[in-house]
Amino acid sequence: MRTNTYLIIGALVVFALMLTGIQYTQEYRFFALESNHLFLYDATDLWNKIQQPGGTALVVASFLTQFWCIPYVGTIMVAVCYLLIAFLFYLILRKKFPGIAMTGLSLMPLVFLYLCFENDYYRFQGHIAYLMFVVALWGYHSLLSRHWIIRMCIGMGMVVGLYWLAGSVAVIFSITACLMEILEKKLRGWWSLSYIAVAFLVGFTFVRLSLVKDMESAFTPYMYYDWPSTYFFPAYAWVILPLLLLIACLLAKIPSDKVSAALLAVLGSVFAFYLAFNLYTKVHSHRGYRFLQEQYWADNGEWSRIIETADRRTPTYLLSYLNLALAEKEQLVGRYGQYNQQNPTQLLMWADPHLKNGKRLLSKIYFSWGYVSEARQAAFDANLLTPGSCHPKELQVMIQTNLVLGAYGVAEKYIALLEKTLYYKEWATSMRRFLNNDKAVSEDSVLGQLQASISPTSPYVRYESLLKDMKDILNANPSQKILSQFYEVYSKSLKEDKQ
């Protein structure tokens, strides 16, 4: 009873530390990931995803991440996921090494799962798949049947089922289950090598059937990335679990008292947190995370926060949102040059405007200018570059710009798409009153301002020169305060360059 009490207290302490660390380091990354693979309440879309290997894990992950737009929800969900993985892994380790000595080491896979979020193209699907893998491993290890043929049949069935539900993580399940059988059954356990053969046969078949895009995705964690990974931390999470299981079996015969076991548990936990912190500081991109912060603040109109936290030494490509925030507060002209600013039009783009975040930045700035056609194009590109091709913020921009341009059929298509979501449905439905209603569009405070900014000669970009396009918009709508500030500092900087 006392041991269980210590375990509960330890679990609560670990959970509290995980909540604190995850919230402090990943809060704004969760807000950004909410838009990837947006969950649609559409039976056809869900069925199409479930029919793919790993589709069930993807659907579960996208269902959960739709709530990450709410502060703290992403942190809590990820921490609960980690606690479940650690607890189930501890139950497996405890059968090999009785006592609490291995509780600290059961946190080790979480270290590398946590670091997976440092890649913007990693999907939470990888976490859900890993949780499903540990649940399957715990279930297999708890099988009542001791007849080896029955266990072999169940094990091979679990490999196939797990691959279909969770994806390539079934490969590491087959390897770990095989290792467990060999350690327990010795000579007869070598028959469990058939698990690995089944996993590779299933993966190869799915690639040949074009259900999985390539061999790398079929047998590695690449399946859980929308883009080739920068860091391969999921592979470390895969490898370390069977390795710890092997260590637990090798150390099982070493006697240990309760004090030594408790000390090992504490030291293991401390080492796990230290390793997570140490690796995080080495791979974390402060500038990239800062960009995600500013992106979130801009989406929610928190302009003062961008200005108040700005650094005069900020790299130029991080100043785009700052310039926009200063313009929103009507301070761009007066405070231009106080930061590491250059020609403002050179700061419209992120480091790579061809990536999603770069296109999102462009759509935000062009929309604020009343540069309707370019805002629509940038939003369209950003939406295409978003995993799942359904970014809610960019769909909102496309709805508004198409309404202004009179493309009501296109706007209705995007409205119908957003109406299949949970948190954007109400806004999308409210936009229906503008369909085929020019008067309502012109009388709306936002849409009317955009419509007034369209050049009477052509609603589309000519791009003879950016300065000329800016001037055309201002001639059409002199009340465009944000654009007028950009135009003034841009004109001034051009004159200075000539001099």
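Note that the coordinates shown come from a computational prediction; the quantities given were computed from them, not determined experimentally.
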Do [X] and [Y] have side-chain N/O donor and acceptor atoms under 3.5 Å apart?
X: Asp472; Y: Tyr371; result: no
X: Thr386; Y: Asn383; result: no
X: Tyr224; Y: His127; result: no
X: Arg290; Y: Thr309; result: yes
X: Gln295; Y: Asp299; result: no

I need the minimum non-hydrogen distance between [X] and [Y], along with the two atoms involved.
X: Ala298; Y: Ile306; result: N-CD1, 4.1 Å
X: Thr401; Y: Met398; result: OG1-O, 3.3 Å
X: Ser62; Y: His37; result: CB-O, 3.1 Å
X: Leu418; Y: Ala428; result: CB-CB, 3.6 Å

Are the aromatic ring centres of [X] and [Y] under 6.0 angstrom apart?
X: Phe117; Y: Phe30; result: yes
X: Phe63; Y: Phe39; result: yes
X: Tyr321; Y: Trp297; result: no
X: Tyr280; Y: Phe277; result: no
X: Tyr28; Y: Phe31; result: yes
X: Phe206; Y: Tyr163; result: yes

message: Any salt bridge linking Glu412 with Arg432? Criterion: basic side-chain nitrogen under 4.0 Å from a carboxylate oxygen.
response: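 A salt bridge links Glu412 with Arg432.
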Any side-chain heavy-atom pair from [X] and [Y] closer than 4.5 angstrom?
X: Leu211; Y: Gln52; answer: yes
X: Val397; Y: Phe380; answer: no
X: Val441; Y: Asn437; answer: no
X: Ile399; Y: Phe434; answer: no
X: Arg335; Y: Ile307; answer: yes
X: Val169; Y: Met132; answer: no
X: Tyr114; Y: Phe233; answer: no
X: Leu324; Y: Trp303; answer: yes

Do other residues, nucleotides or ligands put more than 12 heavy atoms under 6.0 Å from the [atom1] atom of [X]?
X: Trp138; atom1: CH2; result: no
X: Tyr41; atom1: OH; result: yes
X: Glu426; atom1: CD; result: no
X: Lys471; atom1: NZ; result: no

Does the [X] side chain pair with the main chain of [Y], one donor and one acceptor, at a distance under 3.5 Å?
X: Tyr490; Y: Met470; answer: no
X: Gln480; Y: Trp369; answer: yes
X: Thr281; Y: Asn278; answer: yes
X: Asn477; Y: Ile473; answer: no
X: Gln485; Y: Lys481; answer: yes
X: Ser453; Y: Gln449; answer: yes
X: Gln125; Y: Gly54; answer: yes

Identified side-chain hydrogen bond (donor to acceptor under 3.5 Å, both in side chains) counterpart of Glu394 within the set Lys359, Arg360, Arg376: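 One option only clears the test, and that one is Arg360.
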To the closest 0.5 Å, what do you measure between [atom1] ([X]) and [atom2] ([Y])?
X: Ser304; Y: Gln331; atom1: OG; atom2: CD; answer: 8.0 Å
X: Ile415; Y: Met431; atom1: CD1; atom2: CE; answer: 7.5 Å
X: Asn36; Y: Thr65; atom1: CG; atom2: OG1; answer: 8.0 Å
X: Phe87; Y: Phe15; atom1: CZ; atom2: CZ; answer: 14.5 Å

- request: Please step through side chain to side chain contact (heavy atoms under 4.5 Å, CB included) for the pair Phe124 and Leu33, ending with a clear verdict.
  value: CA-CA 8 Å; Phe124 188 55; Leu33 289 175; 6.0 Å; no
field: Residues Glu419, Thr429; criterion side-chain hydrogen bond (donor to acceptor under 3.5 Å, both in side chains); working and verdict
entry: CA-CA 7 Å; Glu419 284 180 327; Thr429 302; 3.0 Å; yes
